[in-house]
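Heads up, the thing below is written out as structure tokens.
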Amino acid sequence: MTTKIGEQKLLEIFGKMTLIRSFEQKINWLFSKGMIGGTSHLYIGQEAVAVGVCHVLRDDDYVLSTHRGHGHLLAKGGDPKKLMAELMGKKSGYCGGKGGTQHLCAKDINFLGTNGLTAGAIPIATGVALAIKLSNSNNLVVSFFGDGASNHGNFHESLNMASIWKLPIIFLCENNLYAMSLPVSKSTSIMDIYLRAASYSMKGLPCDGMDVFSVISTVEEAVRWVRAGNGPCLVEAKTYRFCGHSKSDQLKYRTREEENAWKKRDPIKLLKMHMLDSKIEPSVLETIEEEQMNLVEEAVKYAQDDDPPVARVASSGVFLNA
Amino acid sequence: MREIYFNKALNEALREKMSEDESVLLIGEDIGVYGGAFKVTEGLLESFGEKRVIETPISENSFMGVATGLAMMGFKPVVEIMFMDFIALAFDQILNHTTKFHYMYNGQVNIPMVIRTPAGAKGGYGPSHSQSLEALFIGIPGLKVVAPSDPYTAKGLLKSAINDPNPVLFVENKVLYGTKGEVPEESYLIPLNQAMIRREGTDLTIISYSRMLQLSLKVASFLEKQGVTLEVLDLISLSPLDEEAIIASIKKTKRVVVVDEGCKTGGIGAEISALLAEEAIEYLDAPIIRVGLPNVPIPASIFLERHVIPDEQKILDAVDQCLNW
């Protein structure tokens, strides 16, 4: 791990990764207590990817996400209070309770949606990139998705269109080795998904998704390439989700040995070790960890105190009145 | 007044809206130099260029998503699905994304988008190029579904669809493309949500739309000579239904035949029958009769196709049955 990132920025990155970890651990707990309904797909283990990517982006760049999207939203600058309220189905949530975990949108920060359909957002992100190109803007789009989505028609169709139209988009594959339970080795014709870029005359780059500096330097290269008008780029972050796919997952399809091997490369631990090696005081990191946990507790309190949406909301807002 | 073809009327609507509003874009397959499979977009690439007439690879689900992304960013895409049968390939985007975003994101975005598509049998296109699938779409919240029956309505309705800030499925009929009608030079709009009485009568109401509306009008003309006057109601909007207009006509005639080209089971006729059963059963003097496609794929041979697609004789038989009940 080497980096030219200054100490202040490093602390911010550490803070964001810690926020996501604490937030997701809290969600796990709230879920087990029946305080959150539906399902949840936790981002624990993959924090370096969302935070590394969003660190490189400008505020006016766009992000479209997946079913496992809390981390992407928080990394983009989302408000943990409004996110927590949405997950609890309350009125001040990002979508007033109508969307929930897999249908979150925060237009004020150019976060155009988590998505309940695997690969569902990839074509929409491609359309956002086309809009940017047609408007002669120089911002760009990051479309997050997983290894499973890379076998979907939407992935192949969208990469093809983005390439022929030279769109300002980074296709960001978080390869966490399993599409729900099916391993990449059984689902995918290739182990290195970034190589699929070649089929679309596109730049493809791999990075170590457990190492935030690897993510940052790779995405910096991708962003330079895309902003220069060269067209899209496919980045593959090799990562691992520490929890199951969703709440019902008993993890029968992978071994505890494999999990432990990946957990030794916990992205937050790796960053922490680097920072301690760089002579950052442990007390500074502990303070940050505490602050982030407090943010999560405040979010829980905010969401619990928030009112439920009124009944008429359920049946209104289907159409925009002309 | 001048008469123009149905597809030309649509072409004029697109041209007028594209001239008025730079955010209106066309997106679809072979809509450029080729002019669209049924020539609806002919000449528009030459006039507006590649940034406004966007030709796509054969990737229906993804270009529907691309259009949705464009709409989220403030563009007004008009998507062409070459044959309505192919809309199956884009169904996920329409069902789970395009029509849901405004509601599920609590009004943060809206999707001003029109999906144009040719439906219906046209003498031998066969099972995967002849279907009228609008019934599959009327139960999707957040989607308006309309289908014009003549060039005048087609032009004004398409302009209204483009003006609407919501997704609109605009169903065109392949046989109607080659029919002519009066269309004024001046600009006008046809509202998206209003049925229209095309012919007044007192003995029975035929409720229909698109090409079947034209066949129903022929049946009404034929029966008039025999002293029977049919009211013919053009739905225009299949979702939402103009319930007021439907019920008003049934109150007057007390008998109804519903005619459409889709499958009878779960069809437009089924929905209207359910509406009448719930809201207007006390006015009916006879059972509701539906004319539609039996539950079979549409065979390619024209000798077979004519046995399953509704025609004047089938409509006439249904009217007889209802009047003589």
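Throughout, protein chains are lettered first and strands after them, A, B, ... in sequence-line order, and every chain is numbered starting at 1.
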| field | Proximity breakdown for T114(A) and chain B, heavy-atom pairs closer than 4.5 Å | value | backbone
| Contact origin within L64(A) toward chain B - heavy atom pairs under 4.5 Å | neither
| Heavy-atom distance under 4.5 Å to chain B: side chain of F155(A), backbone, both or neither? | neither
| Which portion of K144(B) sits near chain A, non-hydrogen atoms under 4.5 angstrom | both
| Angle class for the H97(B)/F101(B) ring planes (parallel below 30°, perpendicular above 60°, tilted otherwise)? | perpendicular
| query | Between T126(A), L130(A), L117(A), which shows the greatest number of heavy-atom pairs under 4.5 Å with chain B? | reply | L117(A)
| Min side-chain heavy-atom separation Y194(A)-F171(A) under 4.5 Å | no
| request: Among the options V109(B), L70(B), I54(B), N110(B), pick out the one with the most heavy-atom pairs lying under 4.5 Å from chain A. | output: L70(B)
| request: Determine the option with the most heavy-atom pairs under 4.5 angstrom with chain A, choosing from S62(B), G65(B), A71(B), A67(B). | output: S62(B)
| request: Against chain A, label T98(B) side chain, backbone, both or neither, depending on which of its atoms sit under 4.5 Å from a heavy atom there. | output: neither
| query | What about the rings of F144(A) and H72(A), do their centers lie closer together than 6.0 Å? | reply | yes
| So do the side chains of P57(B) and N160(A) get within less than 4.5 Å of each other, counting heavy atoms only? | yes
| field | Distance flag, aromatic centroids of F38(B) and F83(B), threshold under 6.0 Å | value | yes
| task | Evaluate the criterion side chain to side chain contact (heavy atoms under 4.5 Å, CB included) for residue pair N163(B) and K76(B); output intermediate values, then yes/no. | result | CA-CA 9 Å; N163(B) 290 342; K76(B) 294 175 187 160; over 6 Å; no
| field | Heavy-atom contact with chain A under 4.5 Å, split by part of E55(B) | value | backbone
| message | Between R227(A) and L140(A), is there a side-chain heavy-atom distance shorter than 4.5 Å? | response | yes
| Engaged part of N61(B) at the chain A interface, taking heavy atoms whose separation is under 4.5 Å | both
| said: Are H152(A) and F145(A) an aromatic pair, judged by ring center distance below 6.0 Å? | reply: no
| query | Highest number of heavy-atom pairs under 4.5 Å with chain B: which of A129(A), G99(A), C95(A)? | reply | C95(A)
| Cation-pi geometry met for K98(A) and Y105(B) (6.0 Å, 45°) | no
| said: Under a 4.5 Å cutoff for heavy-atom pairs, which residue among I164(A), L104(A), N115(A), D108(A) has the most contacts with chain B? | reply: N115(A)
| So which part of L25(B) gets closer than 4.5 Å to some heavy atom of chain A, the side chain, the backbone, both or neither? | side chain
